[in-house]
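Read through the structure below, which is laid out as structure tokens, and then see the notes.
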Amino acid sequence: MFFMFCSSTLLSPSFSKLSLSLSLFLKRMISNTSSNSFSHSPISLLESCNSMYQLNQIHSHTIKLGLSSNHFFLTKFIIFCCTNESGDVYYARKLFEEIPQPSVFLWNTMIKGYSRISCCENGVCLYKLMLINSIKPDNYTFPFLLKGFTKDVALKYGKVLLNHAVKHGFLDSNLFVQKAFVHLFSLCRLMDLAHKVFDMGDGWEVVTWNVMLSGYNRVKRFEEAKGLFIEMEKKCECVLPNSVTLVLMLSACSKLKDLDGGNYIYYKYIRNGIVERNLILENALIDMFASCGEMDAARGVFDDMKIRDVISWTSIVTGFANICRIDLARKFFEQMPERDNVSWTAMIDGYLRMNCFKEVLLLFREMQVSNVKPDEFTMVSILTACAHLGALELGEWAKTYIDKNKIKNDTFIGNALIDMYFKCGNVEKAREIFNVMQNKDKFTWTAMIVGLANNGHGEESLTMFSNMLEASVTPDEITYIGVLCACTHVGMVAKGKYFFSNMTIQHGIKPNVAHYGCMVDLLGRSGHLKEALEVILNMPLKPNSIVWGSLLGACRVHKNVQLAEMAVKEILELEPENGAVYVLLCNIYAACKKWENLHEVRKLMMDRGIKKTPGCSLMEMNGIVYEFVAGDKSHPQSKEIYGKLENMKQELINAGYSPDTSEVFLDVGEEDKETSLYWHSEKLAIAYALISLGDGVTIRIVKNLRMCVDCHHMAKVVSKVYNRELIVRDKTRFHHFRHGLCSCNNFW
DNA sequence: CTAGGGTTAG
């Protein structure tokens, strides 16, 4: 009735007439509040008000009637403004200020209002004000207050508020208060605290269990989520998992690659229909199977689904990409009815995993054409591809794109940028990014340590490492690989040994095969071949081909045929198809002029039908990446390039370059090896750069194999004769050439 | 309270 009255008030042109009746109505209402004639209860009438506009009407009339400070009305107004969907909390606050001594109830209502509109800082202010006014919080205060907290605010005030709740005795008595704190600590990732509070309560409903599980998932403590779930199952009389619980558990199993756990959930709860299926649950199932590599099972779920969304499809694409079935991933990707940025990024990452960087960039272009906006995940992948291609211009374009399109510049992006700049040889820019990054994680520091080491700044790399420790960031096994790398690249044998032993002593990291590989590399490159061999023979793990490969590389440098033979035999035991190893042995024999042995190996290769994969070099120009393969003539300007090489040769020889063909042999196909017109891929790239790149532009080349002596020598002379800066990144290290100087002093 | 994609080394 009152609602109708209000409505007509709003619509009627003769508002004043009606407003008179309202005044009368209100007066009667007040005089009636204590009477029993509630058949037309004034309270219930007021409560049927449902917009701020209506509330304003009533309020202004109470003012006209001189009832502006009437407690009953103010309270009702505040409740409306704080709890109704359309209520204006700031309006409530003004009214609240007019009440000289508000009750706890009113304080709580105001706090609840701020939580409703997600102004939790205001809620906290009010809570503080409440304490200042000597009002004690009750067991409603905390649930209302905490409800609207964001992660940051929760972190800022969570612990203090917990102390308050303990002090007032709510925490061990009131389930609602406990629940509010479990939610809060789970939200701000303080899972140990959340668990503590959780253990104080008993008989939790399923939602609270779920909050705990999702909290553990959020902080990637999946094992503990599993443990909690097992605990939950023990209490099956009191609480049963629902579909949300199962989704959380499947997600944990997916991240743990725990197929047994995933199957357990599937068979116990899902397959038999104990818990009803829904789209989210089925997608979680697909994801679990897919990340465990069980694509048949994943397909089974996928095929049986009544409704599939873009997430279902993307999970299948990701699953195939993860087991390196890029063809099947692509097939499903093509068949998708719609693709979002996650689908595109998943496909892009599939190619990244296969080291198909050109496909990455092609796909990215396609993505842009189809008008799907990349986000920070996509851009990390693009930057990673640029890093591997040595595509600095493209990488810088990506950075500009990120800035321009306001893509979230998070730690992942920063790390990827640092890595990209280092891999393109731009140390200065990498440092710049590092310096402005506000959140540095272990990846950031590791990228710096590795990047500086690779670019010949070994000392600075080790300084970074001590800065990292000072910043209380815990290094992992990869950080230590970087540290050992730094020692190797500047020949600090003693320091390397020191760090190798310290890694276990200080940080409890057991050296893995790769670390032993680093030690072999460190000792071998610096000429301590016997010691390097001892490391291999005494290591507690089975040496893999990389470890033996390090020794082999060192033998090549220091021309130790005996050890090299031994290493090769070991490697060929492990990888009989590894063409590069045969080639390396041939190179060693060639370097020592042991022609007979060389022919033997050559014959062995022929008999076994081993073919060496051709080396290739990449170079970027104007954002386009060019690929050069040794001896190849497919480039449209091939003639020019070879011409340039021929006339370069004389100029270079005049400037002190003497061609060294000892290592050429096996890089060439059968037909080409007799001709003198054979050129390494990086030489083709250099020649092309000299033809096409303007003066003063740095020539940047990425080579997928080890740079040979001859090319190294030639690059040095090129930088002098043509006054060019040259950066060549090969499989094992960076080579900077400027004015004929090489920053890679202990190249060998 | 619930589902999909990201960074480092060898």
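Labels below follow one simple rule: chain letters A, B, ... track the order of the sequence lines, proteins then strands, and each chain is numbered from 1.
Atom CG of A:Asp303 has more than 12 neighbouring heavy atoms from other residues, nucleotides or ligands inside a 6.0 Å radius. Few gaps surround OH on A:Tyr401; more than 12 heavy atoms of other groups in view lie less than 6.0 Å from it. Counting non-hydrogen atoms of neighbouring residues, nucleotides and ligands closer than 6.0 angstrom, the CD atom of A:Glu276 reaches no more than 12 such neighbours. More than 12 heavy atoms of other shown residues, nucleotides or ligands fall within 6.0 angstrom of atom CG in A:Asn435. More than 12 heavy atoms of other residues, nucleotides or ligands lie within 6.0 Å of CZ in A:Arg218, so this atom counts as buried by the packing criterion.
Within 4.0 Å of A:Asn217, counting heavy atoms only, lies no atom of the nucleic acid at all. The residue A:Asn512 sits apart from the nucleic acid: no heavy atom pair falls under 4.0 Å. A:Thr411 comes within 4.0 angstrom of no nucleic acid atom, judged by non-hydrogen atoms across all strands. Residue-level contact check: A:Val207 touches the bases, meaning some heavy atom is under 4.0 Å from a base atom. Using a 4.0 Å heavy-atom criterion, one finds that A:Lys423 contacts the sugar-phosphate atoms exclusively. Contact annotation for A:Val310: base contact, defined as any heavy-atom pair under 4.0 Å involving a base atom. When heavy atoms are screened at a 4.0 angstrom cut-off, A:Thr479 is found touching no nucleic acid atom at all. Using a 4.0 Å heavy-atom criterion, one finds that A:Glu376 contacts the bases of the nucleic acid, with or without backbone contacts as well. Residue contacts for A:Cys485: at a heavy-atom cut-off of 4.0 Å it reaches the sugar-phosphate backbone alone, with no base atom in range.
Using a cutoff of 4.0 Å between basic side-chain nitrogens and carboxylate oxygens, A:Lys179 and A:Glu205 are scored as salt-bridged.
Between A:Lys255 and B:dG4 there is a side-chain polar atom (N or O) within less than 4.0 angstrom of OP1 or OP2. The side chain of A:Lys442 places no N or O atom within less than 4.0 Å of a non-bridging phosphate oxygen (OP1 or OP2) of B:dA9.
Counting only heavy atoms from C-beta on, A:Phe377 has its side chain closest to B:dG6 among B:dT7, B:dA3, B:dG6. Listed candidates were B:dG5, B:dC1, B:dA3. Nearest to the side chain of A:Thr378 is B:dG5. Which of B:dT8, B:dC1, B:dA3 sits closest to the side chain of A:Thr446 comes down to B:dT8. When distances are taken from the side chain of A:Phe443 to each of B:dT7, B:dG6, B:dG10, the shortest belongs to B:dT7. Closest approach to the A:Val342 side chain among B:dG6, B:dT2, B:dG5 is made by B:dG5 (side chain taken as heavy atoms from C-beta onward). Each of B:dC1, B:dT7, B:dG10 was ranked by its minimum atom distance to the side chain of A:Ile481; first place goes to B:dG10.
Atoms CD1 (A:Ile509) and P (B:dT8) sit 18 Å apart, rounded to a whole Å. Between the CZ atom of A:Phe289 and the P atom of B:dG4 there is a distance of 15 Å, rounded to whole Å. As rounded to whole Å, 10 Å separates atom P of B:dT2 from atom NE2 of A:His183. Rounded to an integer number of Å, the gap from CD1 of A:Ile348 to C1' of B:dT7 is 16 Å. In this structure, the CG atom of A:Asp730 is 11 Å from the P atom of B:dG10, given to the nearest Å. A:Leu250 has its CG atom 10 Å from the P atom of B:dG4, to the nearest Å. Here B:dG10 presents its P atom at 11 Å from CG of A:Asp419, a figure rounded to the nearest Å.
Atom CD1 of residue A:Ile413 and atom CG of residue A:Asp375 lie 8.5 Å apart, to the nearest 0.5 angstrom.
Proximity of the aromatic rings of A:Phe302 and A:Trp313 is defined here by a centroid distance below 6.0 angstrom, and this criterion is met.
No hydrogens or angles were tested; on distance alone, nothing pairs the side chain of A:Ser315 with the base of B:dG4 as donor and acceptor under 3.5 Å. Donor-acceptor pairing under 3.5 Å, judged by distance alone, is present between the side chain of A:Asp340 and the base of B:dG4. Remark: the A:Asn544 side chain and the B:dG10 base include no donor-acceptor N/O pair separated by less than 3.5 Å. Donor-acceptor pairing under 3.5 Å, judged by distance alone, is present between the side chain of A:Asp375 and the base of B:dG5.
Nearest heavy-atom pair across A:His457 and A:Val427 is NE2-CG2, 3.9 Å.
In the region residues 278-286 of chain A, proximity to DNA chain B at under 4.0 angstrom, judged on heavy atoms, holds for A:Ile280, A:Asn283.
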